[in-house]
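All of these numbers come straight from a predicted model, not from anything done at the bench.
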Amino acid sequence: MTTPTDERARADFIREIIAADVRSGKHDTVVTRFPPEPNGYLHIGHAKSIGLNFGVAREFSGRCHLRFDDTNPTKEEMEYIESIERDVRWLGYDWGEHHYHASDYFERLYEWAVHLVREGKAYVDDLSADEIREHRGTLTEPGKDSPWRSRSVEENLDLLGRMRQGEFPDGARVLRAKIDMASGNINMRDPVLYRILHASHPRTGDAWCIYPTYDFTHGQSDAIEGITHSLCTLEFEDHRPLYDWFLDNLPVPSRPRQIEFARLNLSYTVLSKRRLLQLVREGHVRGWDDPRMPTISGIRRRGFPPKAIRDFTEMIGIAKRDSVVDVAMLEHCVRDVLNQEARRGFAVLRPLKVVLENFPEDQVEELEAVNNPEDPGAGTRTVRFSRELYIEREDFMEEPPRKFYRLAPGREVRLRYAYFITCQEVVKDEAGEVVELRCTYDPATRGGDAPDGRRPKATLHWVSGAHAVSAEVRLYEHLFTRPDPGADGDFAADLNPKSLEVVEGCLLEPALAEVPAGETVQFERLGYFCADPDSTPDRRVFNRTVTLRDTWAKIQARTGGPTKA
RNA sequence: UGGGGCGUGGCCAAGUGGUAAGGCGCGGGGCUUUGGACCCCGGAUCGAAGGUUCGAAUCCUUCCGCCCCAGCCA
């Protein structure tokens with residue numbers, strides 16, 4: 001119920017514009033597009049754009065195209081195309097038949113380039129990249145016209161044709177629009193339309209050796225596909241005059257409108273391709289799908305449900321203000337979904353042995369446990385109980401501080417779905433470390449209720465020693481120690497050395513050993529955990545997706561109390 | 001001394017002249033066989049200063065702050 005339903009998404013300024021366009025009859029079908037460049041992995045920031053574009057399309061009964069902006073063969077690869085498709089699908093979106101590539105339009109784009117040349121609105125420039133930069137001027141000074149700016153149409157046509165034929169080496173010449181070298185908007189100072197790149201393209205192979213730039217491609221691609229609203233991030237706001245210039249000066253079949261919104265920033269997280277790549281290359285994480293990564297593949301492996309990502313993208317809204325969303329909001333969405341859907345089980349991460357002195361040596365009892373208190377339909381399961389059990393080390397304290405109400409010497413607690421037990425004796429090793437608890441159980445409390453109405457302050461999870469399955473559990477914390485990594489310089493210096501803790505020798509109730517890789521379950525009282533693909537039949541591996549809200553941890557943090565155990 | 005944007009509670013974010021929604025977080029309390037979930041309660045005068053108006057976060061003026069742009073990247 002805290003989850004916004006898909007149909008009721010908030011009307012942000014973009015949806016308002018679109019709604020108005022529909023109302024006025026400007027468009028009868030709303031068409032959007034998600035236009036990734038296939039040069040990297042998708043991350044949570046892309047999810048915001050995906051959620052917006054596909055969400056808008058669905059809300060207005062329109063459609064959303066998936067279009068790869070593959071205009072730079074030196075950076076793009078087929079591998080990325082596949083991972084992007086998989087990630088968008090996993091997020092729960094469907095582009096139907098509308099799967100395109102900017103490279104599908106290369107021929108048409110070229111014709112349009114010729115058109116501009118014929119109109120005297122584009123020219124071939126022989127200046128080098130450095131010279132072009134020098135001529136461009138600065139932010140406060142106007143640029144200077146290239147000496148090649150006034151070539152004849154015939155010469156430009158000839159040169160452009162020869163560029164295409166491959167007569168010139170990379171960088172020898174470019175095709176530029178003839179707009180205004182004195183414009184305050186640098187994008188309008190005769191932007192480059194085509195560059196020579198003798199590179200093989202993932203899709204068009206060696207058919208081309210000149211490739212259109214983003215600016216000369218995006219708007220026209222939108223127009224070709226009949227995109228009505230082209231939604232992009234703020235840094236393209238400066239490009240809009242150029243986007244419109246092409247639409248104004250070319251015989252395009254439709255008139256899309258570009259609207260910009262603020263990209264996502266997340267606290268304790270880094271989202272630029274460059275930084276993400278650096279994390280992988282320098283080995284700060286185990287790969288693109290490391291569960292600590294904000295990539296869609298990392299998030300998936302971590303155990304975040306796609307629904308949580310969708311909820312999150314709706315919850316954060318769309319606006320033009322630069323902002324940093326608290327990662328706690330994402331975690332909230334994850335817990336919200338998992339609380340509803342994840343089945344529960346008992347797992348003890350750091351086992352402490354408990355021997356029930358008054359429980360028969362070889363007896364095993366079967367008790368009934370609820371699989372998901374939020375979902376009666378999930379049913380129940382049987383858990384086995386015996387004389388030797390294990391509880392969480394941190395659930396016992398020999399000298400309990402004021403607000404600690406779990407197990408302690410002489411204290412009685414409830415073992416969930418089982419019995420009340422009382423700690424009678426603490427066994428330590430030579431080092432003085434607690435290695436075992438001798439306890440007694442109350443046979444009258446079977447199932448967890450006392451006939452006399454006694455109610456222990458605490459209920460603990462546990463596993464039966466004879467039946468438990470061991471596992472490795474990977475505990476994650478934020479990858480960075482501060483909300484704004486890199487604000488003081490090198491973001492790598494803000495890496496959290498404790499972002500990954502591998503705990504071996506964890507004990508699972510048998511049912512948890514069956515959880516298939518990719519499924520997320522709740523380890524009661526601890527958090528949500530996702531079975532990792534690294535799991536093998538004799539080595540179960542789980543990733544902690546997110547902890548449960550932990551009031552006790554907060555109290556400890558506040559009182560500065562150390563976490564014994 | 002260029003151009004384009006943005007400034008509402010700790011973080012997101014509604015509000016479009018009529019007297020500040022909601023969410024996250026945080027702090028209280030209730031309930032509880034997860035110190036989970038769930039349920040209550042608690043906080044802003046809207047970057048600043050002027051002005052217009054019966055009335056302004058919403059209109060005007062000035063100022064301050066922050067972000068983006070000088071790739072043949074997207």
Margin query: Taking any heavy-atom pair under 4.0 Å as a contact, classify A:Glu237: base, sugar-phosphate, or nothing.
Written below: sugar-phosphate
Notebook entry, point to check: Using a cut-off of 4.0 Å on non-hydrogen atoms, how would the nucleic acid contact of A:Tyr211 be classed: base, sugar-phosphate, or nothing?
Noted result: nothing
Next item on the list: Could you tell me whether A:Thr551 contacts a base, only the sugar-phosphate backbone, or nothing, with contacts defined as non-hydrogen atoms closer than 4.0 Å?
Entry: sugar-phosphate
Next item on the list: Examine B:rC26: is either OP1 or OP2 under 4.0 Å from a nitrogen or oxygen in the side chain of A:Lys554? Give yes or no.
Entry: yes
Item checked: Those residues that, when tested against A:Arg275, pass salt bridge (Lys or Arg N to Asp or Glu O under 4.0 Å) (two or more places apart) -> none
Next item on the list: Report the distance from atom CG of A:Asp375 to atom P of B:rG36, rounded to the nearest whole Å.
Entry: 21 Å
Checklist line | Pairing residues for A:Arg33 by the side-chain hydrogen bond (donor to acceptor under 3.5 Å, both in side chains) criterion, not counting sequence neighbours | finding: A:His218, A:Ser230
Check: Mind telling me whether B:rG28 is syn or anti, cutoff 90° either side of 0?
Finding: anti
Next item on the list: Look at the side chain of A:Pro373 and decide which nucleotide, out of B:rG2, B:rG28, B:rG36, has an atom nearest to it.
Entry: B:rG36
Next item on the list: Kindly write out the residues that satisfy side-chain hydrogen bond (donor to acceptor under 3.5 Å, both in side chains) with A:Asp87, not counting sequence neighbours, or none if the list is empty.
Entry: A:Arg300
Item checked: Distance between P atoms of B:rC60 and B:rG28 (Å, rounded) -> 45 Å
Margin query: Taking the P atom in each of B:rC59 and B:rU16, what is the distance between them to the nearest angstrom?
Written below: 11 Å
Item checked: Sequence-distant partners of A:Tyr211, ring-ring contact (aromatic ring centres under 6.0 Å, His included), two or more places apart -> A:Phe106, A:His201
Margin query: What's the gap between B:rU58 and B:rC68 when it is taken at their P atoms, as a whole Å value?
Written below: 27 Å
Check: Touch check for A:Gln522, heavy atoms < 4.0 angstrom, all strands: base, sugar-phosphate only, or nothing?
Finding: base
Could you go through nucleotides 9-11 of chain B and list every protein N or O atom that sits under 3.5 Å from one of its N or O atoms, giving the distance for each pair?
unit_1, atom_1, unit_2, atom_2, d
B:rC11, O3', A:Val324, O, 3.0
B:rC11, O2', A:Val324, O, 2.8
B:rC11, O2', A:Asp326, N, 3.2

Item checked: Inter-nucleotide C1' distance (B:rA21, B:rU45), Å rounded -> 15 Å
Item checked: Partner set under side-chain hydrogen bond (donor to acceptor under 3.5 Å, both in side chains) for A:Arg549, not counting sequence neighbours -> none
Next item on the list: State yes or no: are the ring centers of A:Tyr419 and A:Phe385 separated by less than 6.0 Å?
Entry: yes
Item checked: Pairwise C1' distance for B:rG47 and B:rG9, with rounding to whole Å -> 14 Å
Next item on the list: Report yes if a side-chain nitrogen or oxygen of A:His332 is closer than 4.0 Å to either non-bridging phosphate oxygen (OP1 or OP2) of B:rC24; otherwise report no.
Entry: yes
Next item on the list: Could you tell me which residues satisfy salt bridge (Lys or Arg N to Asp or Glu O under 4.0 Å) with A:Arg263, sequence neighbours excluded, listed by chain and number?
Entry: A:Glu235
Next item on the list: Can you sort out the partners of A:His478 under side-chain contact (heavy atoms from CB on, under 4.5 Å), two or more places apart, ordered by chain and number?
Entry: A:Tyr268, A:Val327, A:Glu331
Next item on the list: Could you measure between the two P atoms, the one in B:rG3 and the one in B:rU62, and give it in whole Å?
Entry: 15 Å
Check: Could you run down nucleotides 67-74 of chain B 5' to 3' and tag each one B, S or - for protein heavy-atom contact under 4.0 Å?
Finding: SBBBSBSB
Checklist line | RNA chain B: stems of at least 3 consecutive Watson-Crick or G-U pairs whose donor-acceptor distances fall under 3.5 Å | finding: B:2-7 with B:64-69, B:10-12 with B:22-24, B:26-30 with B:38-42, B:47-51 with B:59-63
Checklist line | All side-chain contact (heavy atoms from CB on, under 4.5 Å) counterparts of A:Ala319, not counting sequence neighbours | finding: none
Next item on the list: Please determine if a side-chain N or O atom of A:Arg416 lies less than 4.0 Å away from the OP1 or OP2 oxygen of B:rU34.
Entry: yes
Check: Considering only heavy atoms from C-beta outward, does the side chain of A:Phe346 approach that of A:Leu512 to under 4.5 Å?
Finding: no
Checklist line | Sugar-phosphate, base or nothing in reach of A:Arg344, heavy atoms under 4.0 Å | finding: base
Margin query: Is the terminal nitrogen or CZ of A:Arg173 (NZ for Lys, CZ for Arg) located under 6.0 angstrom from the six-membered ring centre of A:Phe168 and within 45° of that ring's axis?
Written below: yes
Notebook entry, point to check: By side-chain hydrogen bond (donor to acceptor under 3.5 Å, both in side chains), which residues pair with A:Glu131, not counting sequence neighbours?
Noted result: A:Ser128
Next item on the list: For B:rG51 and B:rC41, measure between their P atoms and round to the nearest Å.
Entry: 40 Å
Next item on the list: With C1' as the reference atom in both, quote the distance from B:rA70 to B:rC64 in angstrom, rounded to an integer.
Entry: 27 Å
Checklist line | Test: A:Arg164 cationic atom under 6.0 Å from A:Tyr110 six-membered ring centre, within 45° of axis | finding: yes
